[in-house]
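Notes follow once the structure below has been shown.
Just the heavy atoms: all of them, side chains too, but no hydrogens, waters or symmetry mates, feed the values below. Just so you know, ligand 1 is whichever comes first in the structure, and atom 1 is the first atom listed for that ligand.
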Amino acid sequence: MNIIEAIRTRKSIRDFTADPVPQHILRKIIEVAVRAPSAENSQPWEFTIVAGDILDTIRKTNIEKLKSRALPHPDLAAEGLPRDSVYRRRQIEIAKQLFGLMDISREDLEKRDRWMELGFRYFNAAAAIIISVDRSLSYPRPIFDIGSATQNICLAALNYGLGTCIANQGITYPEVLHEFANIPESKRIVISIAIGYPNWDFPANKVVSEREPVENITTWVGFD
Ligand SMILES: Cc1cc2nc3c(=O)[nH]c(=O)nc-3n(C[C@H](O)[C@H](O)[C@H](O)COP(=O)(O)O)c2cc1C
């Protein structure tokens, strides 16, 4: 797969088969992903890759917290998008696409709850990659670098037939990851990436999210 094809093909995968991902493949993905650029080559990223019983315990504990309506308090706070903005419009559009594919109506609170839980379960992926950063690094500067490494992981995964979904939902309750994945308190948890073999029968995995046309987001200066 060439680079352009990989960038075009990558999409968020929200359900996976039960097949485990071999550790040596995950290792290769991380090895290449950290070729990402970082400011002053500071390489601020740290990876904790969780699978098996421990990942199941993390999923279960996240869901217990969600169901008990524990207040979200991610280290990387995700504020809501401004009302009536183009950003909110795009958010609503992808939600409509996904809910349409999944046949989830506005009124069906039960199905909406089940859908909501998926991210907290790392979409039932065989593994989850948790990226953290040392608290000594001034924040949010390393987020840019971690974003580059995250995209590299998602692209490299395609080379092995793997799918990914980046998930803020999976880091909503950082204490769960600190405790069960043994991530020291001295690290801020930045993002999770679910990774596994895609379940192509899952309707939401057929989604192709939309993008603004280039003309809407680009200003050309100094061209004839
Ligand atoms: C920082 C970040 C956090 C995200 N968190 C979630 C999440 O919690 N749950 C989810 O279903 N998707 C999540 N996504 C996936 C986005 O919804 C997705 O990338 C976007 O809708 C575009 O779709 P695509 O990835 O299929 O191109 C996240 C993506 C990013 C970059």
Side-chain angles (χ1 to χ4, degrees), residues 1 3-16 33 36 44-45 47 50 55 58-59 62-63 65-66 70 72-81 85-102 104 111-125 128-133 139-158 162-174 176-177 188-196 198-200 202-214 217:
M1 187 182 288
I3 295 172
I4 303 292
E5 191 189 349
I7 295 170
R8 281 197 192 282
T9 312
R10 186 218 56 82
K11 56 151 98 173
S12 295
I13 296 297
R14 294 185 173 86
D15 193 49
F16 297 84
W45 41 67
F47 306 93
V50 195
L55 183 54
I58 291 171
R59 298 188 226 268
N62 276 345
I63 297 299
K65 295 223 170 221
L66 180 68
H73 54 95
D75 288 342
L76 180 67
E79 313 236 323
L81 296 170
S85 66
V86 66
Y87 314 106
R88 177 90 175 112
R89 173 174 65 68
R90 293 171 189 155
Q91 181 191 33
I92 292 169
E93 194 47 50
I94 186 70
K96 273 192 194 160
Q97 269 181 278
L98 290 167
F99 280 30
L101 285 163
M102 295 297 294
I104 303 175
K111 271 195 185 172
R112 289 173 80 105
D113 280 354
R114 293 290 86 75
W115 172 261
M116 161 78 128
E117 287 175 13
L118 288 180
F120 292 81
R121 295 184 191 281
Y122 310 94
F123 306 95
N124 301 315
I129 301 174
I130 312 299
I131 309 186
S132 57
V133 64
Y139 205 67
R141 192 179 116 134
I143 299 307
F144 194 99
D145 308 334
I146 287 175
S148 302
T150 299
Q151 171 77 342
N152 275 356
I153 289 174
C154 298
L155 294 177
L158 298 177
L162 292 162
T164 52
C165 190
I166 305 167
N168 273 334
Q169 287 170 311
I171 57 156
T172 302
Y173 303 117
V176 178
L177 294 162
R188 274 182 217 272
I189 295 173
V190 178
I191 199 67
S192 70
I193 308 172
I195 185 164
N199 170 10
W200 291 116
F202 188 67
N205 286 348
K206 300 191 179 5
V207 76
V208 179
S209 58
E210 294 181 358
R211 294 296 185 273
E212 287 295 327
V214 172
I217 51 168

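Salt bridge annotation for E212-R89: present, with a cationic side-chain nitrogen under 4.0 angstrom from a carboxylate oxygen. Under 4.0 Å is where a charged nitrogen must lie from a carboxylate oxygen, and between R8 and E5 no such pair does.
The two residues I171 and V190 make their nearest non-hydrogen contact at CD1-O, 3.0 Å.
Residues satisfying the side-chain hydrogen bond (donor to acceptor under 3.5 Å, both in side chains) test with S209, not counting sequence neighbours, are R211.
Using a 4.5 Å heavy-atom threshold, the side chains of M102 and F202 count as touching.
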If you look at each N/O of ligand 1, which protein N/O atoms lie under 3.5 Å away, and at what distance?
from     : atom 1 : to   : atom 2 : distance (Å)
ligand 1 : 5 (N)  : I166 : O      : 3.4
ligand 1 : 5 (N)  : N168 : N      : 2.9
ligand 1 : 8 (O)  : N168 : N      : 3.1
ligand 1 : 8 (O)  : Q169 : N      : 2.9
ligand 1 : 8 (O)  : Q169 : OE1    : 3.4
ligand 1 : 9 (N)  : Q169 : OE1    : 3.0
ligand 1 : 11 (O) : R14  : NE     : 2.8
ligand 1 : 11 (O) : R14  : NH2    : 3.4
ligand 1 : 12 (N) : R14  : NH2    : 3.2
ligand 1 : 14 (N) : I166 : O      : 3.1
ligand 1 : 17 (O) : R14  : NH2    : 3.2
ligand 1 : 19 (O) : S12  : OG     : 3.4
ligand 1 : 23 (O) : S209 : OG     : 3.2
ligand 1 : 25 (O) : R10  : NH1    : 3.0
ligand 1 : 25 (O) : R10  : NH2    : 3.2
ligand 1 : 25 (O) : S12  : N      : 3.4
ligand 1 : 25 (O) : S12  : OG     : 2.6
ligand 1 : 26 (O) : S12  : N      : 2.8
ligand 1 : 27 (O) : R10  : NH2    : 3.0
ligand 1 : 27 (O) : S209 : OG     : 2.9
ligand 1 : 27 (O) : R211 : NH2    : 2.9

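Between F99 and W115, the ring planes are perpendicular. Angles over 60° get that label, and only those under 30° would be called parallel.
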